[in-house]
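Scroll down for the structure; my scribbles are underneath it.
Values in this document were obtained by computation on a predicted structure and should not be read as measured data. By convention in this document, chain letters (A, B, ...) are assigned in the order of the sequence lines, proteins followed by strands, and residues within each chain are numbered from 1. Scope of the values below: all heavy atoms of this structure, side chains included, with no hydrogens, waters or symmetry mates.
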Amino acid sequence: MNHKLTVYNSMTREKEIFTPIHEGFVGMYVCGPTVYNDVHLGNCRTFVSFDVIFRYLKHLGFKVRYLRNITDVGHLLDDGEDRMLKGAKADQMEPMEVAQKYTLGFHQIMQIFNTLPPSIEPRATGHIPEQIEMVETIIKNGYGYEVNGSVYFDTLAFAERTGEYGKLSGRVIDELMAESRTLKNQDEKKHPSDFAIWMKAAPEHIMKWNSPWSVGFPGWHLECSAMSTKYLGQQFDIHGGGNDLKFPHHENEIAQNVGSCGCQPARYWLHTNMLLLNSKKMSKSDGNTISPTELFTGESVHMTKPYSPMAVKFFMLQCHYRSTLDLTDEALQAAEKGYKRLMEALRKLKKLEAPQTAGAMDAEINSLVEGIYEDMNDDFSTPKALGTIFELVTKINILSDNGTEGQISAEVLNRLKTTLIAIIGDVFGLLDEGEGDNQGTALNGLMSLILDLRQAARTNKDWPTSDKIRDGLASLKIQVKDGKDGSSWSFQ
RNA sequence: GGUCUCGUGGCCGAGCGGCUAGGCAGAGGUCUGCAAAACCUUCCACAGCGGUUCGAAUCCGCUCGAGACCUCCA
């Protein structure tokens, strides 16, 4: 198969053919969470998106090194620091305990969404020497200056000498100057758009390290530059993150990389768009927010019922990663049903028997299967791919009802099975939550016994018994489905 | 105020100049002891007003509306 993968590069604002630096290998860096709080559902969308990208690249045969960092220092500043101190005092916790707690919580949610762990998950606090080293190089190259034990990145010098500052976010330095008037604590900086790469710690600051300049801590953007360089090299293929990180985070990251090694860190910048709740940005202050757990339990004023992790994931995949996605109760209900329909079809597909004859539907099915790859190759368009997959779902249902003989050749059926199982399972990472067959032999044996008894009752037209079994199971959230060839069951 | 996105049928959401997206809901049908489920078929659209073009949801302009970013932010 000829796969011509294109990706939308935020840097050039164009779709480009994806060509890795080293053939067959992909280095990908994605900005991970700051672990001072429960993971935000919007975070989950970003990481689910990049998980699919990671999985698809692997599916295409690339050897991928996927880095996603844990920010456990740097962002715990300013008003965040106050909350941390308060929280730490109340719970009698060390900052690292707080970081550990929320890192574990984050991993748990990521696992519930069935995302793969990254190849490397480095922590900012574990890379202080690398960050100090980078600050030294930046100073040596003339892009950094020290004031009172803090070191700032000289954006003006950088912009003048390289012309690179503001390229990603489409900003120019004059505007930055104009808009920075209202900001406080600018007195140490030469230029308002300069940013700290090393901060001298105030005495009450908890997390601090020795450095050539002061006892302090690294600046907000430095960890990503230092860690991506360490594990992926000075230049790598993909850098990802949420749309809201473009400025200042990614802009400053680029400045640091170019300022220390003279080269752009990433060839392709990929940014995911925001997740909205009821058409508005999620915000804790006005109550417009929902956590993954609240979504799974249904304990939220925004939802009428709980939604399973896979239904939520399916909902996310129905939208392109570069579009805003509006989370509403109604939309989730629709997604949940769509997800169930897809899983049902996948189950049917697995049971289809290989036919002896050539098939009338071969050409159509082949072109749809090929279409899935075209969709995914178009900047990882999961919504388009799902559209194509649902066209195949109809075909599968027809094959399942009418038999495969004469409709599809063994070769095409095999290709259909292999591709769909791979795309839905391995690439999308969608698990079948409703499948009754994989719950263990005791349960299966029990259920088939119960359904046999009910079938006997039905054959004798003993409707009260038959209905009692059906209704009793329903109250246990087990749904009995009467079909042409007997009954089956699944969890609701 | 500056920068930038986006407005598609009842809801969500693809589409990037000509060809059915898809999901959910609705309608009709199949199956069925009843019901549910499932399956098949199908209706409904491009915010408004101009312009470019043989042809526009798709390009350009304006109007209205929504949202994001502007050193906490996925």
Using a heavy-atom cut-off of under 4.0 Å over every strand shown, decide if [X] touches base, sugar-phosphate, or nothing.
| X | value |
| --- | --- |
| A:Ser466 | base |
| A:Ala334 | base |
| A:Ile389 | nothing |
| A:Ser323 | sugar-phosphate |
| A:Asp326 | sugar-phosphate |
| A:Glu336 | nothing |
| A:Gln479 | sugar-phosphate |
| A:Gly42 | base |

With [atom1] as the reference atom in both, quote the distance from [N] to [M] in angstrom, rounded to an integer.
| N | M | atom1 | answer |
| --- | --- | --- | --- |
| B:C60 | B:C4 | P | 14 Å |
| B:U42 | B:A25 | C1' | 14 Å |
| B:G1 | B:G13 | P | 28 Å |
| B:U30 | B:A68 | C1' | 49 Å |
| B:A47 | B:C16 | P | 16 Å |
| B:A36 | B:G28 | P | 14 Å |
| B:A14 | B:G7 | P | 9 Å |

(request) Determine if A:Phe390 stacks with B:G23; use a centre-to-centre distance below 5.5 Å and an interplanar angle below 30° as the criteria. (result)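 No, A:Phe390 does not stack on the base of B:G23, since the centre distance and plane angle fail the 5.5 Å and 30° test.
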
Nucleotide opposite [N] in a Watson-Crick or G-U pair, distances under 3.5 Å:
| N | result |
| --- | --- |
| B:G65 | B:C6 |
| B:C59 | B:G51 |
| B:G1 | B:C70 |
| B:A27 | B:U41 |

Can you check whether any acceptor in the base of [N] is under 3.5 Å from a donor in the side chain of [X], or vice versa?
| X | N | result |
| --- | --- | --- |
| A:Asp482 | B:A35 | yes |
| A:Asp378 | B:G15 | no |
| A:Lys281 | B:C73 | yes |
| A:Thr388 | B:G22 | no |
| A:Arg470 | B:A36 | no |

Over 60° means perpendicular and under 30° means parallel, so classify the ring planes of [Y] and [X], tilted if in between.
| X | Y | result |
| --- | --- | --- |
| A:Phe153 | A:Tyr143 | parallel |
| A:Tyr66 | A:Phe54 | tilted |
| A:His239 | A:His250 | perpendicular |

(message) Could you walk me through whether A:Phe47 and A:Phe106 satisfy the ring pair (Phe, Tyr, Trp, His ring centres under 6.0 Å) test, starting with their C-alpha distance in whole Å, then the side-chain angles of each, then the deciding distance to 0.1 Å, before giving a yes or no?
(response) CA-CA 11 Å; A:Phe47 299 137; A:Phe106 168 62; 5.5 Å; yes

(message) Whole angstroms only, please: what is the NE2-C1' distance between A:His302 and B:C11?
(response)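 My rounded result for the distance is 19 Å.
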
Check whether any side-chain nitrogen or oxygen of [X] sits under 4.0 Å from OP1 or OP2 of [N], and answer yes or no.
| X | N | result |
| --- | --- | --- |
| A:Thr324 | B:C6 | no |
| A:Lys337 | B:A25 | yes |
| A:Asn397 | B:C40 | yes |
| A:Arg454 | B:G33 | no |

Between [options], which nucleotide has the shortest distance from any of its atoms to the side chain of [X]?
| X | options | value |
| --- | --- | --- |
| A:Arg458 | B:A36, B:G33, B:C69 | B:G33 |
| A:Thr394 | B:G23, B:G13, B:C40 | B:C40 |
| A:Lys348 | B:C40, B:A14, B:A38 | B:A38 |
| A:Asp244 | B:C34, B:C73, B:C40 | B:C73 |
| A:His320 | B:A14, B:C73, B:C34 | B:A14 |
| A:Phe247 | B:G23, B:C34, B:C69 | B:C69 |

(message) With nearest nucleotide decided by heavy atoms, which residue, A:Trp463 or A:Leu276, maps closer to the 5′ end of RNA chain B?
(response)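 Looking at RNA chain B, the more 5' nearest nucleotide goes with A:Trp463.
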
(request) For A:Lys384 and for A:Lys461, find the nucleotide of RNA chain B with the closest heavy atom, then tell me which residue's nucleotide is more 5'. (result)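 Here A:Lys384 is the residue nearer the 5' end.
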
(request) Using modelled atom types only, decide if a donor and an acceptor are shared between the side chain of A:Thr34 and the backbone of A:Tyr36 within a distance under 3.5 Å. (result)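 Judged by distance alone, no pair lies under 3.5 Å.
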
(message) Under a 3.5 Å cutoff, is there a donor and acceptor pairing between the side chains of A:Gln333 and A:Asp329?
(response)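 Per modelled atom types, A:Gln333 and A:Asp329 side chains form a pair under 3.5 Å.
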
(request) Answer with yes or no whether the side chains of A:Thr71 and A:Asn69 bring together a donor and an acceptor at under 3.5 Å. (result)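 Their side chains do contain a donor-acceptor pair, which is all the 3.5 Å distance test asks for.
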
(request) Answer yes or no for A:Arg68 and A:Phe50: cation-pi contact, defined as NZ/CZ to six-membered ring centre under 6.0 Å and angle to ring axis within 45°. (result)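 A:Arg68 over A:Phe50 ring: no.
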
